[in-house]
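Keep in mind that what you see is a predicted model, and the values were worked out from it rather than measured. Scope of the values below: all heavy atoms of this structure, side chains included, with no hydrogens, waters or symmetry mates. The sequence lines fix the lettering, A, B, ..., with proteins before strands; numbering per chain opens at 1.
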Protein chains: 2
Amino acid sequence: MTRSYNSLGQFLDKVRRRSVLTAEEQSAILSLPVRAEQIPAHMDFVELGEHVDHACLIVHGLAGRFGQGREGNRQITALHIPGDMADLHSVVSPSATSALQALTTTTVVKIPHGAIRDIAARYPSIAQALWRECVIDAAILSEWVVNVGRRTASVRLAHLYCEMAYRYRLGEVTERMSFDFPATQHHLADMLGLTAVHVNRTLRVLEAADLVRLKRGVVEILSWARLIEYADFDPVYIQLNVTPLAPMRAG
Amino acid sequence: MTRSYNSLGQFLDKVRRRSVLTAEEQSAILSLPVRAEQIPAHMDFVELGEHVDHACLIVHGLAGRFGQGREGNRQITALHIPGDMADLHSVVSPSATSALQALTTTTVVKIPHGAIRDIAARYPSIAQALWRECVIDAAILSEWVVNVGRRTASVRLAHLYCEMAYRYRLGEVTERMSFDFPATQHHLADMLGLTAVHVNRTLRVLEAADLVRLKRGVVEILSWARLIEYADFDPVYIQLNVTPLAPMRAG
DNA sequence: CGATGGCTTGAGAGGCTTCAATGCCGGTGG
DNA sequence: CCACCGGCATTGAAGCCTCTCAAGCCATCG
């Protein structure tokens with residue numbers, strides 16, 4: 001079968017690393033109706049409290065989920081890269097409890113909840129697979145709590161770079177590699193619970209230790225082995241190199 | 001129907017505030033096989049990396065989900081009170097990426113994954129409802145990232161008290177109330193990304209402001225209105241006072 | 001009654017923030 | 001084509017919030 005490598009294919013590839021799906025189930029996912037949309041940088045494409053009727057799959061660019069405190073101090077709680085369904089959770093919880101914003105120019109594809117709920121109801125294995133994706137997003141969130149709560153600024157930043165490298169590479173890392181990561185230092189600060197100024201200084205610490213090098217939106221990792229050691233990083237929580245979970249079937 | 005108010009009944013009550021279920025679906029949940037177990041304080045009942053085959057419903061006591069950094073600095077990423085399914089996520093992601101520990105003597109009820117997956121496969125609405133519970137747990141996690149990342153110690157602690165009061169009361173709060181919350185100051189520190197010493201001093205700040213009063217494991221809130229104002233707390237993310245989500249049916 | 005675990009308090013150090021100014025680069029309009 | 005402008009990055013200095021270390025206290029429990 002030649003599968004047109006559309007935006008959904010990218011999503012399906014990731015899902016299949018985690019859940020077993022039959023050919024029929026896979027094609028049900030690939031047949032989901034999509035509507036592409038281009039979002040300019042800094043624009044919310046899901047607003048706080050909004051009642052959404054579609055899920056957003058990131059095709060290109062970078063999106064963040066924003067929580068916020070009273071006095072405008074924003075905190076990014078999750079990051080979504082191409083292939084991620086940024087708000088899959090909205091399928092079962094349609095009123096947005098946090099905003100979704102494009103960090104750079106981003107193209108997303110919108111998929112109606114109705115269509116997703118339809119195939120989830122028809123194929124229990126699909127429901128399980130999507131549920132599982134949400135649970136893995138939660139595991140990442142949980143790691144972010146640890147990161148922000150219990151690590152120093154430089155380790156925190158190193159850990160974030162590890163996670164993003166691992167996710168961009170779908171778990172296929174090499175000792176030396178680089179990846180596009182177009183977040184500003186201010187964005188990094190909002191992910192790490194720091195200030196932009198301190199992120200800047202912290203960046204310099206990592207560079208001085210010859211762990212990473214940065215230029216205009218691309219992160220170059222000089223030694224994966226030393227970086228994960230420094231960052232206290234263990235990729236199991238991202239579940240990209242795992243034996244896919246067998247489907248559930250009605251007994 | 002006289003429903004025996006067992007441990008599952010407590011769980012079902014909470015689920016029904018969020019999802020519509022038919023009588024048949026409800027009784028399928030209530031008929032889940034359970035096995036009660038008593039866990040002494042400070043004991044892990046799910047270990048890191050363990051491959052579990054059952055989910056744990058908290059019946060009595062208090063449990064925490066622990067993440068940890070390299071040098072033993074632990075961070076509590078989630079708290080589970082009676083009525084919570086502490087690791088419902090394990091149904092679709094059986095290898096534990098974080099440990100579960102009883103903070104006080106806790107009785108849990110273990111429910112085999114097989115039984116849950118069975119009713120989830122048979123009743124798509126149940127799958128959706130359980131999926132939704134996981135998503136709401138993730139929303140709470142997301143709020144914890146904001147809390148730890150972007151709030152000062154005293155606001156952070158106040159916010160935690162708000163969340164726990166709201167959850168213990170299932171969203172039925174009153175201006176003045178108290179609730180049992182048997183976490184030590186060291187536990188609080190691990191939830192908030194602080195040290196026990198600083199938690200102690202911070203407690204004193206909240207007491208001095210006449211917001212809460214504490215004695216031996218019970219939190220007394222002196223003014224809910226002033227506390228949520230101080231804590232920057234908005235309970236929507238907990239989704240306890242929400243119109244339950246309609247079920248999904250195969251089209 | 002000594003041991004234990006949790007709470008309390010003090011003093012000093014340090015990591016991160018705040019405020020503020022400067023530099024850099026790409027985009028835009030005259 | 002160049003000058004200007006705005007967003008982002010960089011750097012310095014001072015201060016505060018929180019940590020660390022350390023000691024003392026109080027209840028509970030064998």
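Distance alone, capped at 3.5 Å, is enough to place a donor-acceptor pair between the A:N241 side chain and the A:G171 backbone. Remark: the backbone N or O of A:N73 is not paired with any side-chain donor or acceptor of B:R150 at under 3.5 angstrom. Proximity of a side-chain donor or acceptor of A:R226 to a complementary backbone N or O of A:D210 within less than 3.5 Å is detected. Under a 3.5 Å cut-off, the side chain of A:D84 and the backbone N or O of A:I81 do form a donor-acceptor pair. At least one donor-acceptor pair under 3.5 Å links the side chain of A:R17 to the backbone N or O of A:L170. At distances below 3.5 Å, not a single donor-acceptor pair connects side-chain atoms of B:S154 with backbone N or O atoms of B:T202.
Between the axis at the start and the axis at the end of the helix from C:dC1-D:dG30 to C:dG30-D:dC1 there is an angle of 30°, using five pairs per end and rounding to 10 degrees.
Atoms NE2 (A:H198) and P (D:dA9) sit 16 Å apart, rounded to a whole Å. Per the geometry, NZ belonging to A:K215 stands 18 Å off C1' belonging to D:dT10, to the nearest Å. As a whole-Å value, the separation of B:N200 CG from D:dT18 C1' is 14 Å. In this structure, CZ of B:R150 is placed 16 Å from C1' of D:dT18, rounded to the nearest angstrom. Per the geometry, CZ belonging to B:R201 stands 9 Å off C1' belonging to D:dT18, to the nearest Å.
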Every protein N/O lying under 3.5 Å from an N/O of nucleotides 22-30 of chain D:
none

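Residues forming a salt bridge (charged side-chain N to carboxylate O under 4.0 Å, His left out) with A:D232 (at least two apart in sequence, or on another chain): A:R151. In this structure, the ring-ring contact (aromatic ring centres under 6.0 Å, His included) partners of A:H159, at least two apart in sequence or on a different chain, are A:F233.
Using a 4.0 Å cut-off, some side-chain N or O of A:H42 falls inside it from OP1 or OP2 of D:dC8.
Atom CD1 of B:I136 and atom OG of B:S142 lie 13.0 Å apart (nearest 0.5 Å).
Ring geometry for B:F181 versus B:Y161: interplanar angle over 60°, hence perpendicular rather than tilted (30 to 60°).
Interface limits on DNA chain C: the 5'-most and 3'-most nucleotides within less than 4.0 Å of chain B heavy atoms are C:dG6 to C:dA11.
Note on B:A196: nothing from the nucleic acid sits closer than 4.0 angstrom, heavy atoms only.
When each of B:E229, B:E175, B:R176 is checked for a side-chain hydrogen bond (donor to acceptor under 3.5 Å, both in side chains) with B:S223, only B:E175 meets the rule. Of the residues B:E47, B:R65, B:Q75, the one that meets the side-chain hydrogen bond (donor to acceptor under 3.5 Å, both in side chains) test with B:S98 is B:R65.
For the contact set between residues 183-195 of chain B and DNA chain C, defined by any heavy atom under 4.0 Å, the members are B:T184, B:Q185.
Between B:H54 and B:S90, the closest heavy-atom pair is O-OG, 3.7 Å.
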